[in-house]
Colleague: 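Sharing a structure, written as structure tokens. Questions coming.
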There are 2 protein chains.
Amino acid sequence: MTEVAREPLGRGKHARRRVLEAALEVLAADGMPGFSMESVARRAGASKATLYRHWSSPSALLVDAMDAQFRPLPEVDTGDLRADLVTLLTAFASALSGSPFPTLMAAFTDAAERDPALGDLHAELTRRRREPLLRLLAEAVERGELVGDTDPELVVDLLAAPFFYRRLIAHQEMPADMPAAVVDLVLASVRLGTPR
Amino acid sequence: MTEVAREPLGRGKHARRRVLEAALEVLAADGMPGFSMESVARRAGASKATLYRHWSSPSALLVDAMDAQFRPLPEVDTGDLRADLVTLLTAFASALSGSPFPTLMAAFTDAAERDPALGDLHAELTRRRREPLLRLLAEAVERGELVGDTDPELVVDLLAAPFFYRRLIAHQEMPADMPAAVVDLVLASVRLGTPR
DNA sequence: TGACAACGAGACGCAACCGTATCGGTAGGC
DNA sequence: GCCTACCGATACGGTTGCGTCTCGTTGTCA
């Protein structure tokens, strides 16, 4: 018998995918207070038994759902640091303006404060989201475009953080030229040979 | 009869204060999912009737509680822009490292996404928190220390946002020299006559 | 010291979610 | 075209919060 531990197949997969999508819909709509196995099952048109068959707890379900939803920023590398950064941050700002993502982020951030598994995943997804920015900066350092003691991690913080902050904390608008303004302000202090 | 509309007096005030404190304790401990009139009353050692006497809904209670808890950053103005900014951001980073505040922020940020009254208060409290930073920058502009087209609001974003981001989103540590590093990086691009 | 407003305690019926169990139905592999 | 693993539906008792109500108590001010 060459049977191996088998993934749930056929209909199983469909149910699983439907539930993961429904989980994020519920989370975006009602936040953690409304996130229950019962409500997710209802929205997915699935049985509670099915949910418990796949996930032992709401937390486990949420980990899977958020992980499945993650989409990395596009990889761009034209060699023009400023242009590439503006492209990435514009894509990011646009995601943060679109509807479900920021609301999901808020709910997930709260949940991550109290559940270690969610906290770890939150950190990991953030790390993956930072990667394209980090790579661009690392290459610029390589090329000798940036001042010697530049801390790429800190620079990524300064580039990415204001967008979260404006949307989730300050509840202010994000003008279309904000990515360019942020990039210019940050690059002015780390790029060699920039006139002031 | 010179009787005016009377504040709840004596014992009333004590109960009110106790409930507001308990509300934040519950919120920090269990987040929005655990935030109920019932659980707050329990922790405050108060009757549910008392809560409903003062607040018509959990949302109204939360607005009062968050508003009462707000502590502005200290006002500092030695005339040394860099030193003052570092002082303020160090105080801020310390608050974000201490226990209840960031957890409260996460819960409140999530709640503010779904409740307009909380959203307005969130924006207002953020505005008040930004004020000391904004004032320092405005005075520096006045003194002609910064480049002409500096956008003080954006600069405040860049100064404040990374601390929220590191603690709540990236779940990374905040080294003791982070405030100075952020200030130096930002000032390098907006301050006149800074050597690079 | 007396009167009274605010209080704590807790009971009420209602609704939601919990986690588990048991069905008959159905889609997909053989 | 059968077989079976997976599925949706539904019922269950238990728990928790809801919002309202009624008590008996207690602190405070006149």
Side-chain angles (χ1 to χ4, degrees), chain A residues 1-27 29-65 107 110-111 114-115 117, chain B residues 1-27 29-65 107 110-111 114-115 117:
Chain A
M1 210 195 280
T2 52
E3 273 290 282
V4 287
R6 40 166 61 198
E7 280 294 304
L9 34 81
R11 191 155 115 175
K13 269 183 183 157
H14 297 163
R16 189 185 153 86
R17 194 170 42 74
R18 253 172 40 231
V19 170
L20 290 177
E21 283 170 12
L24 295 183
E25 291 170 16
V26 169
L27 188 63
D30 302 329
M32 286 306 291
F35 189 84
S36 68
M37 296 298 239
E38 194 109 25
S39 62
V40 172
R42 207 181 307 130
R43 180 176 295 237
S47 161
K48 278 199 293 173
T50 300
L51 268 72
Y52 281 103
R53 232 172 264 135
H54 286 286
W55 302 277
S56 62
S57 67
S59 158
L61 167 56
L62 192 47
V63 165
D64 266 16
D110 180 36
R114 265 164 229 91
D115 186 318
Chain B
M1 212 194 281
T2 51
E3 227 14 44
V4 287
R6 40 167 58 198
E7 280 293 305
L9 33 81
R11 191 155 116 174
K13 272 184 181 154
H14 297 164
R16 190 184 152 85
R17 194 169 41 74
R18 252 172 40 230
V19 169
L20 290 177
E21 283 171 11
L24 295 183
E25 290 170 15
V26 169
L27 188 64
D30 302 329
M32 285 305 292
F35 189 83
S36 68
M37 294 299 239
E38 195 110 22
S39 63
V40 172
R42 206 181 308 128
R43 179 176 296 236
S47 162
K48 275 200 293 173
T50 300
L51 269 72
Y52 281 101
R53 233 171 261 138
H54 286 286
W55 302 276
S56 62
S57 67
S59 159
L61 167 57
L62 192 47
V63 165
D64 265 18
D110 181 34
R114 265 162 228 93
D115 185 320

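What you are looking at is a predicted structure, and each value in this text was computed from that prediction instead of being measured.
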Colleague: So, taking the atom named CE in A:M32 and the one named CG in A:L27, what distance separates them when rounded to the nearest 0.5 Å?
Modeller: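 Interatomic distance, A:M32 CE to A:L27 CG, rounded to 0.5 Å: 6.5 Å.
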Colleague: OP1 or OP2 of C:dC17 sitting under 4.0 Å from any side-chain N/O of A:R42?
Modeller: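 The answer is yes; a side-chain N or O of A:R42 sits under 4.0 Å from OP1 or OP2.
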Colleague: As a test of reading the structure: which of D:dT28, D:dG8, C:dC18 is closest to the side chain of A:M37, going by heavy atoms?
Modeller: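 Closest nucleotide to the A:M37 side chain: C:dC18.
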Colleague: Just to verify, what does A:D64 make a salt bridge (charged side-chain N to carboxylate O under 4.0 Å, His left out) with, not counting sequence neighbours?
Modeller: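 A:D64 satisfies salt bridge (charged side-chain N to carboxylate O under 4.0 Å, His left out) with A:R16 only.
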Colleague: Answer whether the closest heavy-atom distance between the side chains of B:V19 and B:W55 falls below 4.5 Å.
Modeller: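 They are in side-chain contact.
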Colleague: Does the side chain of B:H14 get closer than 4.0 angstrom to OP1 or OP2 of C:dA6 through an N or O atom?
Modeller: no
Colleague: Would you say the side-chain atoms of A:R18 pair up with the backbone N or O of A:A44, donor to acceptor, closer than 3.5 Å?
Modeller: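 Yes.
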Colleague: Can you tell me the distance, in whole Å, between the CZ atom of B:R17 and the C1' atom of C:dC7?
Modeller: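 In whole Å, C:dC7 C1' and B:R17 CZ are 15 Å from each other.
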Colleague: What nucleotide, of D:dG17, C:dC17, D:dG8, holds the atom closest to the side chain of A:R18?
Modeller: D:dG8
Colleague: Regarding B:E21 and B:R17, does a basic nitrogen lie under 4.0 Å from an acidic carboxylate oxygen?
Modeller: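 Yes, charged N to carboxylate O under 4.0 Å.
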Colleague: Looking at the side chain of B:S36, which of C:dC18, D:dG17, D:dC7 is the nearest nucleotide?
Modeller: D:dG17
Colleague: The side chain of B:T50 lies closest to which of these nucleotides: D:dG19, C:dT20, C:dC7?
Modeller: C:dC7
Colleague: To the nearest Å, how far apart are A:L51 CG and C:dC17 P?
Modeller: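 From A:L51 CG to C:dC17 P: 13 Å.
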Colleague: Taking atom C1' of D:dA5 as reference, at what distance in whole Å does atom NE2 of A:H54 sit?
Modeller: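 Answer to the nearest Å: 11 Å.
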Colleague: B:Y52 has an atom OH; how far is it from atom P of D:dG17, in whole Å?
Modeller: 11 Å
Colleague: Indicate yes or no: at least one non-hydrogen side-chain atom of A:L61 is less than 4.5 angstrom from one of A:L20.
Modeller: yes
Colleague: Need the bend value for the helix from C:dT1-D:dA30 to C:dA27-D:dT4: angle between end axes, 5 pairs each end, nearest 10°.
Modeller: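 Its terminal axes enclose an angle near 40°.
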Colleague: List, with names and distances, any nitrogen or oxygen atoms from the protein found under 3.5 Å away from nitrogen or oxygen atoms belonging to nucleotides 9-12 of chain D.
Modeller:
residue: D:dA9; atom: N7; partner: A:S47; partner atom: OG; Å: 3.1

